[in-house]
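Comments concern the structure below.
Protein chains get the first letters and strands the later ones, always in sequence-line order, with residue 1 at the start of each. Everything quoted here is computed from the prediction, not taken from an experiment.
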2 protein chains.
Amino acid sequence: MATDQLIAYFNTYIPLRESERSELNSRVVERKIKRRQFILQENDICKHYTFVVSGCFKLYGVDKNGTEHNLQFASENEWITDISSFHSGKESRLYIEAIEPSIILQIEKINLIYLYHHHPKFDRIFRVMIENKFEELQNRVLQNISSTAEERYLAFLAQYPTLANRLPNTQIASYLGITPEFLSKLRRIIVKK
Amino acid sequence: MATDQLIAYFNTYIPLRESERSELNSRVVERKIKRRQFILQENDICKHYTFVVSGCFKLYGVDKNGTEHNLQFASENEWITDISSFHSGKESRLYIEAIEPSIILQIEKINLIYLYHHHPKFDRIFRVMIENKFEELQNRVLQNISSTAEERYLAFLAQYPTLANRLPNTQIASYLGITPEFLSKLRRIIVKK
DNA sequence: AATGATCCTTAACCTAAGTTAAGCCCATTT
DNA sequence: AAATGGGCTTAACTTAGGTTAAGGATCATT
């Protein structure tokens, strides 16, 4: 069952007791998502934390020219949400879209708050989870302000080799903040070396 | 007293009980820091969370050419730390330096862990704090991959007007990921408009 | 088999941003 | 009063990366 995978994931942080497992179980909803299907669109309110059981998603914004900019990918055992809209309860300016057919588990805000209040362990787990995510993002910002596109691309390949194989280069270019044409040029330069 | 300011800060998240206040009080150390003084240097291990009571700091990395790249500023009522080194216990690759004469409160890792274990409220508070920081960083990444330097500069002025007045432009340029010369050029273009 | 999408690449040309170098202005220090 | 040093600007020149447009490859759908 899919929630077993989520429980196993939490156990890597802090082992859950039976009571926590069953409460979690009853507060999580499983969904099957098709390729290209959205689980969040601009002007929606983001009501869930989404855990990816299988498949892959992207979180992105769209600029005034209609160009997409990838903020985050999430595949197996990763979380994805628009934390800004989730917190504020206001309309999102982002999209979450399946890149592959996927299975997810979603937890609603009320249920997450319930877990926080009845089992403080979840405060701890989610604190550590987001601290790790924060660290990752901080490294990305440092890369963005200090490295060339080529360096960022090579770093991406090194850090996410599996994703790099799974994703079309257009999606990687969007994540790196460059055009697909320029990424193509970089790839040729790298091969030549 | 300086810890009153920290307690007032925490109270904006969740009010602290007397027991929590006194435990916090005894686990926090006040320091006075001079302009240009470091509270973290490359290859140090980051042992503290630092709360800025007054003054201003920058967190930055230095690249192979010796150029500094500002990851974060922190002024009154903000936290600054190298969360990566703090967590892993490994040597930091970053610097934290006072931009102004400052007063800070530092909490050591053992003491923070003590607070987490005896008062789960701190798990909650730090979770929410870092969720907010995560959101901020995510917006910055989106800016970095989708906007021009001019747009990023104007957004910085709008988002941090006080900081923008307080900081030399060289520091802002470093934060935006551009050279001071180019920022100067942008400023002239903006004024002309 | 044919029709589109989507993607990847190439190439010519363009522009945002970096580099180098010089000069000025202020504040501190001597 | 000079001297130092940080910060800000300007300008000439270079380069990383974007734009536009085209063609080919791959894949799913009819």
Side-chain angles (χ1 to χ4, degrees), chain A residues 34-38 56 58 60 62-70 73 95 97-101 143-157 163-193, chain B residues 34-38 56 58 60 62-70 73 95 97-101 143-157 163-193:
Chain A
K34 290 186 204 143
R35 192 168 125 88
R36 304 245 155 104
Q37 187 177 341
F38 291 91
C56 189
K58 57 179 177 177
Y60 63 93
V62 176
D63 68 22
K64 50 188 182 298
N65 307 314
T67 309
E68 299 180 4
H69 301 279
N70 288 339
F73 299 115
Y95 297 79
E97 183 184 339
I99 303 180
E100 302 173 2
Q143 285 261 334
N144 280 338
I145 64 177
S146 69
S147 305
T148 63
E150 181 179 345
E151 290 166 333
R152 279 180 279 140
Y153 175 59
L154 292 172
F156 182 87
L157 294 184
L163 264 187
N165 277 325
R166 246 164 124 167
L167 295 172
N169 287 325
T170 45
Q171 296 304 319
I172 297 175
S174 164
Y175 180 92
L176 296 174
I178 59 178
T179 59
E181 292 86 352
F182 187 59
L183 178 54
S184 181
K185 199 188 285 187
L186 288 180
R187 285 161 55 80
R188 187 175 29 133
I189 291 169
I190 291 166
V191 169
K192 270 194 196 162
K193 281 186 181 168
Chain B
K34 291 186 202 142
R35 192 167 123 88
R36 304 245 152 104
Q37 188 178 339
F38 291 90
C56 190
K58 57 180 175 176
Y60 63 93
V62 176
D63 68 23
K64 51 188 180 298
N65 306 316
T67 309
E68 298 179 6
H69 301 278
N70 288 340
F73 299 115
Y95 297 79
E97 185 185 339
I99 302 180
E100 302 173 1
Q143 284 261 335
N144 280 337
I145 64 177
S146 69
S147 306
T148 64
E150 182 178 344
E151 289 166 333
R152 280 180 279 139
Y153 175 59
L154 292 173
F156 183 87
L157 294 184
L163 263 187
N165 277 326
R166 245 165 123 168
L167 295 172
N169 286 325
T170 45
Q171 296 303 319
I172 297 174
S174 165
Y175 180 93
L176 296 175
I178 60 177
T179 59
E181 292 86 352
F182 188 59
L183 178 54
S184 181
K185 199 188 288 187
L186 288 180
R187 286 159 55 79
R188 187 176 28 130
I189 291 169
I190 291 166
V191 169
K192 269 193 200 165
K193 282 184 181 169

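- One finds a side-chain N or O of A/R187 lying less than 4.0 angstrom from the OP1 or OP2 phosphate oxygen of C/dT9.
- Rounding to whole angstrom units, CD of residue B/E151 and P of D/dG18 are separated by 14 Å.
- Residues of residues 163-173 of chain A having a heavy atom closer than 4.0 Å to DNA chain C, listed by number: A/P168, A/N169, A/T170.
- One interatomic measurement links the two molecules: CG of A/L176 to P of D/dG17, which rounds to 11 Å at whole-angstrom precision.
- Counting all heavy atoms, side chain and backbone alike, A/H69 lies closest to B/I145 at ND1-O, 3.4 Å.
- The nearest whole Å value for the distance from the CD1 atom in A/I145 to the P atom in C/dG18 is 12 Å.
- Put simply, CD on B/E100 is 16 Å from C1' on C/dA27, counting in whole angstrom units.
- As a whole-Å value, the separation of B/F182 CZ from D/dT9 C1' is 14 Å.
- Panel note: side chain B/D63, backbone B/N65; a donor-acceptor pair is recorded below 3.5 Å.
- Rounding to the nearest 0.5 Å places CD of A/Q171 at 6.5 Å from CD of A/E68.
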Considering only distance and modelled atom types, tabulate donor-acceptor pairs under 3.5 Å from the side chains of residues 175-182 of chain A, sequence neighbours left out.
residue: A/T179; atom: OG1; partner: A/F182; partner atom: N; Å: 3.2

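- Here the nucleotide nearest the side chain of B/I178, chosen from D/dT10, C/dC7, C/dG18, is C/dG18.
- Remark: C1' of D/dG18 and CD of A/E181 are 8 Å apart, rounded to the nearest angstrom.
- Across all their heavy atoms, A/E97 and A/R36 have their closest contact at OE2-CA, 3.6 Å.
- Closest of all the heavy-atom pairs between B/C56 and B/R166 is CB-NH2, 4.0 Å.
- The listed nucleotides are C/dT9, D/dG17, D/dT9; the one nearest the side chain of A/S184 is C/dT9.
- How far CD1 of B/I189 is from OH of B/Y153: 12.0 Å, rounded to the nearest 0.5 Å.
- Taking atom CZ on B/R35 and atom C1' on C/dA27, their separation rounds to 10 Å, with Å as the unit.
- In this structure, A/R188 does not reach the C/dT9 phosphate: none of its side-chain N or O atoms is under 4.0 Å from OP1 or OP2.
- At whole-Å resolution of the value, NZ in A/K185 and C1' in C/dT9 are 12 Å apart.
- Close to C/dG18, at under 4.0 Å from its OP1 or OP2, lies a side-chain N or O of B/T179.
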